[in-house]
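Just below is one structure, and these are the notes that go with it.
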Amino acid sequence: MTTLVAIGAQWGDEGKGKIVDWLSPRADLVVRFQGGNNAGHTLVVDGEQTVLHVVPAGVLHESTVNLIGPGVVVDPRVLIAELERLEQRGVLRDPARVRVSGRAHVILEWNIALDKAREEARHAGAIGTTGRGIGPTYEDKVARRGIRVADLLDPVSLRETIEQRVREKNFELTEVHHWKPVDGESIWREACEFGRRLAPYVDHTGRILVHALREGKNVLFEGAQGTFLDVDHGTYPFVTSSNCVAGAVCAGAGIGPTQIDRVLGISKAYTTRVGGGPFPTEETGAVGERLREKGGEFGATTGRPRRCGWLDVVMLREAAVVNGLTGLAINKLDILSGLSEIPIATAYRIDGKVTDEFPMTLGELARAEPIYETQPGWSADLAAARRYETLPDAARRYVERIEALVEVPVELISVGAGRDATIARSDPFRA
């Protein structure tokens, strides 16, 4: 048995979906443990693209069971639409292959309205949320006023709860933000329908997970967003509303820390981020535009263009420590083909002082000037490479330099969007 956590090592959008899909044939369970539909995992198999926002990326493999844990916030409308698309394609024939924790909190209409109203009110200080209601739902969760998936199955109790919440939420919407109120009766009726549709999928996912571990099965934990969007360890306040680091598996899925065997950090061969906040290695000119266009750097959830820049190993070293990385997966190495030189940020200069450690405060990061070393580029197209030895010498040196700087072995390399465009240097599931 091996338990493996696949975690984003940057600001999200690192290609976790592709890696999880590639790893899933080795996993008996694939478990999503945090976040919501503010992230999209794009899978390309035999030229067909699948974008998932809530269902774990192991669902395309018939042999896997996919759990949505209690740490996830679920928009029932989005989840039901995903399940229906998968059913129509013949991918999901058995509801037993997707199980949703009854303890997961649900995103309802008022959460989405408040998310949009608050972001609009921030004006120039906007965080860049997706407006999907994620933050307000986590807020309700920690304030002990949330509604959970299991509540959707009890219409009588649910009506009273919704009536109470609507009074509270409408006060903020109308009096503070001057938005139109939400209608509690229509929300209740819709929520009851959500419960009816989701009932075949609702389960105690923690028990399923415990039984799988006792039986010696392989379990793959799928992270959403990335380390530097973590609400505690990221570039606060330009972060998401959940813990995205490997330690969040324990609370968000329901296992103890001693049951995690390996942690795979997933990074692009360069760096991107969406929304506001400091970005030391960002390239705003022709180089950034080249990375964006060649890499298809547009959000799977919102379509927003991603900000692009060079690889930052100061960030990756921090991610390695915070997550306890045992390996790295480097995605989109092929996008760097055609560059004569490739800079790597190895340190920062902040207020005249050089540091190779990621700063604690947003202000320091905003003032950080990257210090680069330059690696030689390569011209060859990498799309057909399937073995490490067939990569150009310069591409291998780039990968090996990342290993040396981060002090974590690169186990997987992606050279294209398709499932098969993956080079394995070692087995992330090894015991």
Residues forming a side-chain hydrogen bond (donor to acceptor under 3.5 Å, both in side chains) with [X], sequence neighbours excluded:
| X | value |
| --- | --- |
| Arg292 | Glu289 |
| Thr205 | none |
| Thr346 | none |
| Asp261 | Thr3 |

Inset, instruction - Measure the spacing between CG of Asp75 and CG of Asn111 and express it to the nearest 0.5 Å. - result: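 Asp75 CG to Asn111 CG: 9.0 Å, rounded to 0.5 Å.
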Inset, instruction - Determine, for Phe279 and Arg307, whether the Lys NZ or Arg CZ falls below 6.0 Å from the six-membered ring centre while staying within 45 degrees of the axis. - result: no
Legend entry - Ring-face cation of Arg159 near Trp188 (centre distance under 6.0 Å, axis angle within 45°): yes
Does any donor atom in the side chain of [X] or [Y] lie under 3.5 Å from an acceptor atom in the other side chain?
| X | Y | value |
| --- | --- | --- |
| Asn323 | Thr227 | yes |
| Thr50 | Arg89 | yes |
| Trp378 | Ser337 | yes |
| Asp21 | His61 | yes |
| Glu297 | Tyr270 | yes |
| Asp154 | Ser157 | yes |
| Thr361 | Glu364 | yes |
| Trp11 | Thr271 | no |
| Asn38 | Thr240 | yes |
| Glu14 | Ser267 | no |
| Asp230 | Gln225 | no |
| Lys268 | Thr272 | yes |

Looking at [X] and [Y], would you say the former's side chain and the latter's main chain have a donor-acceptor pair under 3.5 Å?
| X | Y | answer |
| --- | --- | --- |
| Arg97 | Thr64 | yes |
| Arg306 | Cys308 | no |
| Asp312 | Val314 | yes |

Legend entry - Of Lys18, Arg419, Lys332, the residue whose pairing with Ser414 passes side-chain hydrogen bond (donor to acceptor under 3.5 Å, both in side chains): Lys18
What are the two closest heavy atoms between [X] and [Y], and how far apart are they?
| X | Y | result |
| --- | --- | --- |
| Leu333 | Ala395 | CD2-CB, 4.4 Å |
| Leu43 | Gly17 | CD2-O, 3.0 Å |
| Ile134 | Asp115 | N-OD2, 3.8 Å |

Legend entry - ring pair (Phe, Tyr, Trp, His ring centres under 6.0 Å) partners of Phe358, counting only residues at least two apart: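 Once residues adjacent in sequence are excluded, the partners of Phe358 under the ring pair (Phe, Tyr, Trp, His ring centres under 6.0 Å) criterion are Phe228.
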Legend entry - Under the salt bridge (charged side-chain N to carboxylate O under 4.0 Å, His left out) test, residues paired with Arg93 that sit two or more places apart: Glu62
Inset, instruction - Would you please test Arg317 and Glu357 for salt bridge (Lys or Arg N to Asp or Glu O under 4.0 Å) and show each step? - result: CA-CA 8 Å; Arg317 281 194 295 261; Glu357 295 185 347; over 6 Å; no
